[in-house]
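Quick notes on the structure that follows.
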Amino acid sequence: MIRNLDPKAELPWDLLLEADPNRQLVTSYIDDSQLLVYEEETIVGVIAFQEREDEWEIMNLAVAEDQRGKGIAGQLLDASFAKMNRQAPKKKSVIKTGDLPSPALHLYMKKGFQPTALIENYFVTHYPEPIYENGQQLRNQLILTKNF
């Protein structure tokens, strides 16, 4: 079941930090974000997104490792798109991720996001520890955009 996370509820930090291991960075945007969670007996998925002047940005999307491959991330994206369209239709949506091939990047492309920019060495300069995906060090940030 997908629901809004009560602003007073404890944040699912384990999931938020799995998607973005820089706690200081997550803390800097989480209070200004809308959060949806996917809950079974416990919260197993989370998405955080913000409205900007001319766009929406998906700030964080994570699913518990043992729940991946079940369509939860796609459902969270669809629920956030529906909410974005109700609140501010026709604004584009932006998501930023690593540029290495991954299930997340594949999902974003499947949901209609298209690459629009690449920031070289973003993860090297903005994170104190190296981040690895499938044994490769993540270096570049890919910015993807979806028009509604």
* Asked: Are Leu105 and Phe81 grouped together when hydrophobic residues (ILVMFWY) are joined by side-chain heavy atoms under 4.5 angstrom apart?
  -> yes
* Asked: Tell me, do Glu57 and Tyr29 make a side-chain contact under 4.5 Å, heavy atoms counted?
  -> no
* Sidechain-backbone polar pair: Gln75 side chain, Ile2 backbone, donor-acceptor under 3.5 Å -> no
* Asked: Under a 4.5 Å cut-off applied to non-hydrogen side-chain atoms, are Asn134 and Leu100 in contact?
  -> no
* How far does CG of Leu138 sit from OH of Tyr132, to the nearest 0.5 angstrom? -> 10.5 Å
Donor-acceptor pairs under 3.5 Å, side chain of residues 35-46 to any protein atom, not counting sequence neighbours: which ones?
from	atom 1	to	atom 2	distance (Å)
Glu39	OE1	Arg3	NE	2.7
Glu39	OE1	Arg3	NH2	3.2
Glu39	OE2	Arg3	NH2	3.4

* Before accepting this row, confirm whether a basic side-chain N of the pair Asp99/Arg139 lies closer than 4.0 Å to the acidic partner's carboxylate O. => no
* Asked: Pro89 versus Phe148: any side-chain heavy-atom pair under 4.5 Å?
  -> no
* **Main-chain N/O of Glu53 paired to Lys91 side chain as donor or acceptor, under 3.5 Å** => yes
* Asked: Under the 3.5 angstrom rule, does the side chain of Thr116 hit a backbone N or O of Ile143 as a donor-acceptor pair?
  -> yes
* **Spacing of CD belonging to Gln50 relative to CD belonging to Glu55, to within rounding of 0.5 Å** => 10.5 Å
* **Minimum side-chain heavy-atom gap Ile30-Met59 below 4.5 Å** => no
* Does any non-hydrogen side-chain atom of Gln141 lie less than 4.5 Å from one of His126? -> no
Only pairs under 3.5 Å count here: list side-chain donor-acceptor contacts from residues 4-16, not counting sequence neighbours, and write none if there are none.
from	atom 1	to	atom 2	distance (Å)
Asn4	OD1	Lys83	NZ	2.5
Asp6	OD1	Lys8	N	2.8

* **Single-linkage hydrophobic cluster Leu76~Val94, side-chain heavy atoms < 4.5 angstrom** => no
* Contact summary for Lys92 and Thr145, nearest pair of heavy atoms -> CD-CG2, 3.6 Å
* **Non-hydrogen side-chain atoms of Leu77 and Ile58 separated by less than 4.5 Å** => yes
* Distance from Leu118 atom CG to Leu144 atom CG, nearest 0.5 Å? -> 10.0 Å
* Any side-chain heavy atom of Met84 sitting closer than 4.5 Å to one from Ser93? -> yes
* Asked: Can you say whether the rings of Tyr108 and Phe113 are parallel (under 30°), tilted (30 to 60°) or perpendicular (over 60°)?
  -> perpendicular
* Tyr127 side chain reached by Asp20 side chain, heavy atoms, under 4.5 Å -> yes
* Asked: Transitively linked via ILVMFWY side-chain contacts under 4.5 Å: Ile95 with Val26?
  -> no
* To do: Find out if a path of hydrophobic residues (ILVMFWY) with successive side-chain heavy-atom gaps under 4.5 Å connects Leu25 to Leu142.
  => no
* Looking only at heavy atoms, which two atoms of Phe49 and Ser80 are closest? And how far apart? -> CE2-CB, 3.6 Å
* Inter-residue atom distance Lys146.NZ - Met109.CE, 0.5 Å rounding -> 12.0 Å
